[in-house]
Amino acid sequence: MLKDRVAVVTGGSRGIGRAIALKMAENGADVAIVYAGNEQAAEETRSQIEALGRKGAAYRCDVSDFGETKKLVDAILAEFGGIDILVNDAGITRDGLVATMKERDFDDVISINLKGAFNMTKHCYHHFLHKKAGRIINISSVAGLTGNAGQANYASAKAGLIGLTKTVAKELAGRGVTCNAIAPGVIDTDMTKNMNGKARD
């Protein structure tokens, strides 16, 4: 179904991102995963992609950095020859009540979870326009729909991601490019292991 397509998955070394990357490879896509710091996990995912008979590559990048993501997309285009699917999955949590949340914790979550998706979309935008084809998939959260006590930063970022998704979808629909968001509930990943027991329950 995805034979010879090229997929880019941010946050692709672990958790939901890894599962998406492997499913893309199972369905015939070559996959470039983007990771923030865990090189071992990234290499494990890359190896699993190649074990499925597809080309895999791992790129270290801070998706919140506009210039760094531009270089990243250029490098992927050079190595793979194109991009067909962009999955914006990179995300972090820095939970806390508004009363005690540090400004840095709010800014970091917005920068990675929301601005990171903007940066990647921005740098793939003209490539998709030129091809008149492309798929953008943003991983939001039910927290972005309902809010969640102790997650003002995360819920705000994920709600913003839904707004970004709807806007990009309207901008690119006429050029054969789709943009959709998925809003999972709590998934058992490394990120959710940091939640307290009551929140996990």
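Please read all numbers here as calculations on a predicted model, not as lab measurements.
Shown here for Gly12 and Ala21, the closest heavy-atom pair between the two residues is O-CB, 4.5 Å. The nearest pair of heavy atoms linking Gly147 to Ala155 is CA-CB, 4.1 Å. Considering every non-hydrogen atom in both Leu172 and Leu129, the closest pair reads CD2-CD2, 3.5 Å. Counting all heavy atoms, side chain and backbone alike, Tyr154 lies closest to Ser141 at CE2-OG, 3.7 Å. Smallest separation of non-hydrogen atoms from Ile49 and Ala25: CG2-CB, 4.0 Å. In terms of heavy atoms, Asn113 sits closest to Ala157 at CB-CB, 3.7 Å.
In this structure, a donor-acceptor pair under 3.5 Å is absent between the side chains of Tyr35 and Gln40. Side-chain contact annotation: Thr10 with Asp89, donor-acceptor N/O pair under 3.5 Å absent.
Applying the ring-ring contact (aromatic ring centres under 6.0 Å, His included) rule to pairs touching residues 61-87 yields Phe66-His123, sequence neighbours excluded. Residue pairs meeting the salt bridge (charged side-chain N to carboxylate O under 4.0 Å, His left out) criterion with at least one member in residues 34-45, sequence neighbours excluded: Arg18-Glu44, Glu43-Arg46. Residue pairs meeting the salt bridge (charged side-chain N to carboxylate O under 4.0 Å, His left out) criterion with at least one member in residues 118-138, sequence neighbours excluded, are Asp84-Lys131. Screening residues 145-174 for salt bridge (charged side-chain N to carboxylate O under 4.0 Å, His left out), with sequence neighbours left out, gives no hits.
With a 4.5 Å cut-off on side-chain heavy atoms, Ile112 and Ile92 count as touching. Side-chain contact between Ile33 and Tyr59 is absent, with no heavy-atom pair separated by less than 4.5 Å. Considering only heavy atoms from C-beta on, Ile85 stays 4.5 Å or farther from Val6 through its side chain. Looking at Val9 and Val34, their side chains never come closer than 4.5 Å, going by heavy atoms from C-beta outward. Considering only heavy atoms from C-beta on, Met101 stays 4.5 Å or farther from Arg94 through its side chain. Contact annotation: the side chain of Ile136 approaches that of Thr121 to within less than 4.5 Å [non-hydrogen atoms, C-beta and beyond].
Legend: residues meeting side chain to side chain donor-acceptor pair (under 3.5 Å) with Asn27, ordered by chain and number and at least two apart, are absent. Residues satisfying the side chain to side chain donor-acceptor pair (under 3.5 Å) criterion with Ser156, sequence neighbours excluded, are absent altogether. Scored by the salt bridge (charged side-chain N to carboxylate O under 4.0 Å, His left out) test, Asp30 finds Arg54 as partners (sequence neighbours excluded). Contacts of Ile182 classified as side-chain contact (heavy atoms from CB on, under 4.5 Å), with partners at least two apart in sequence or in another chain: Ile137, Ile139, Pro184. Residues passing the salt bridge (charged side-chain N to carboxylate O under 4.0 Å, His left out) test with Asp62, sequence neighbours excluded: none. Partners of Lys23 under the side chain to side chain donor-acceptor pair (under 3.5 Å) rule, at least two apart in sequence or in another chain, are Glu26. With sequence neighbours excluded, the residues that form a side-chain contact (heavy atoms from CB on, under 4.5 Å) with Leu77 are Val73, Ile83, His127. Ser111 meets the side-chain contact (heavy atoms from CB on, under 4.5 Å) test with Ser64; sequence neighbours excluded.
For the atom pair Thr69 OG1 and Met120 CE, the distance stands at 6.5 Å (nearest 0.5 Å). For the atom pair OG (Ser140) and CG (Leu161), the distance works out to 5.0 Å, reported to the nearest 0.5 Å.
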Exercise. Yes or no on side chain to side chain contact (heavy atoms under 4.5 Å, CB included) for Val109 and Thr93, after CA distance, side-chain angles and deciding distance?
Worked result: CA-CA 6 Å; Val109 171; Thr93 56; 5.7 Å; no
For this session: Mind running side chain to side chain contact (heavy atoms under 4.5 Å, CB included) on Leu145 and Ile162 for me, showing each step along the way?
Result: CA-CA 9 Å; Leu145 296 169; Ile162 292 170; 3.6 Å; yes
For this session: Verify side chain to side chain contact (heavy atoms under 4.5 Å, CB included) between Asp107 and Lys102, making sure each step is shown before the conclusion.
Result: CA-CA 9 Å; Asp107 290 347; Lys102 297 176 182 177; over 6 Å; no
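Side chain of Asn38 to main chain of Ala41: a donor-acceptor pair is present (N/O by atom type, distance under 3.5 Å, no hydrogens or angles). Between the Asp105 side chain and the Gly96 main chain, no donor and acceptor come within less than 3.5 Å of each other.
Applying side chain to side chain donor-acceptor pair (under 3.5 Å) to Thr165 and the options Asn138, Asn180, Asn88 leaves one that passes, Asn138.
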